[in-house]
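Structure record follows, encoded as structure tokens.
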Amino acid sequence: MRIGDLARRTGVSQRLLRYYEEQDLLTPTRLPSGYREYTEDDVLRVAHIRNLLAAGLSTATIADVLPCMGVDGERLIASICPELVDELLVERARISESIAALVAAQSALDTIINARPAASSPAEPAAAGSS
DNA sequence: ATTCTCACA
DNA sequence: TGTGAGCA
């Protein structure tokens with residue numbers, strides 16, 4: 001299929017689809033016309049790319065992880081590509097640091113919000129997660 | 001009608 | 001990452 005179809009089927013813009021190719025996340029073949037030709041597998045592949053991107057992984061890391069993803073989607077990845085486990089652990093650590101930073105920022109805001117004398121503002125509702 | 005590459009108010 | 005240009 002060509003880029004227009006893939007874009008519609010994945011909800012990803014043609015612009016991004018071409019960008020993913022630049023990052024070696026997709027490697028469509030070229031028709032004699034010069035048009036990119038994608039396979040059915042690319043539809044699922046794009047879904048994987050979206051998920052990995054949402055997880056905050058760099059396109060470089062995704063390029064390494066992608067070939068390890070079968071139709072299953074996630075669990076098998078570790079067994080097929082053991083070498084990637086530590087790389088993924090690094091990513092996980094990075095996410096933990098981000099969470100810590102956000103929690104700190106949240107506390108900073110809470111301090112400012114609660115520093116105000118008295119009034120009726122819905123500024124600090126029940127903390128999500130810990131009830 | 002579609003896609004391609006390149007460039008940027 | 002969107003948008004428009006000028007082609008094929």
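For the numbers below, each heavy atom of this structure counts, side chains included, while hydrogens, waters and symmetry mates do not. Just so it is clear: chains get the letters A, B, ... in the order the sequence lines come, proteins before strands, and each one is counted from 1.
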Legend entry - Lys/Arg N to Asp/Glu carboxylate O, A:Arg30 vs A:Glu21, below 4.0 Å: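 The answer is yes: the pair qualifies as a salt bridge.
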Legend entry - Check ion pair A:Glu40-A:Arg9 (N to O, under 4.0 angstrom):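 A salt bridge links A:Glu40 with A:Arg9.
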Inset, instruction - Please say which of A:Tyr20, A:Tyr38, A:Tyr35 ends up in a side-chain contact (heavy atoms from CB on, under 4.5 Å) with A:Pro28. - result: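 Per the side-chain contact (heavy atoms from CB on, under 4.5 Å) rule, the option paired with A:Pro28 is A:Tyr38, out of A:Tyr20, A:Tyr38, A:Tyr35.
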Inset, instruction - Using a 4.0 Å heavy-atom cut-off, write out nucleotides 2-8 of chain C from 5' to 3' as B (base contacted by protein), S (sugar-phosphate only) or - (no contact). - result: BB----B
Interatomic distance where [atom1] belongs to [X] and [atom2] belongs to [N] [whole Å]:
X	N	atom1	atom2	value
A:Asp5	B:dT2	CG	P	9 Å
A:Arg30	B:dT3	CZ	C1'	9 Å
A:Glu21	B:dT5	CD	C1'	12 Å

Legend entry - Paired nucleotide for C:dG6 [Watson-Crick or G-U wobble; both distances under 3.5 Å]: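 In the structure as shown, C:dG6 has B:dC4 as its Watson-Crick or wobble partner.
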Inset, instruction - Tell me whether A:Val90 is reachable from A:Val65 by hopping between hydrophobic residues (I, L, V, M, F, W, Y) whose side-chain heavy atoms are closer than 4.5 Å. - result: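 A:Val65 does not cluster with A:Val90.
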Inset, instruction - Answer with yes or no whether the hydrophobic clustering places A:Ile3 together with A:Val43; edges join I, L, V, M, F, W, Y residues whose side-chain heavy atoms lie under 4.5 Å apart. - result: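 Result: yes, single cluster for both.
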Inset, instruction - With DNA chain B as reference, determine whether A:Arg2 or A:Arg36 sits nearer its 5' end, using the nearest nucleotide of each. - result: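 Closest to the 5' end, via its nearest nucleotide, is A:Arg2.
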Inset, instruction - For A:Asp5 and A:Arg8, run salt bridge (Lys or Arg N to Asp or Glu O under 4.0 Å): C-alpha distance rounded to whole Å, both residues' side-chain angles, the deciding distance at 0.1 Å, then the answer. - result: CA-CA 5 Å; A:Asp5 300 310; A:Arg8 277 188 293 278; 3.1 Å; yes
Legend entry - A:Arg18 side-chain N/O to B:dC4 phosphate OP1/OP2 under 4.0 Å: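 Yes, within the criterion.
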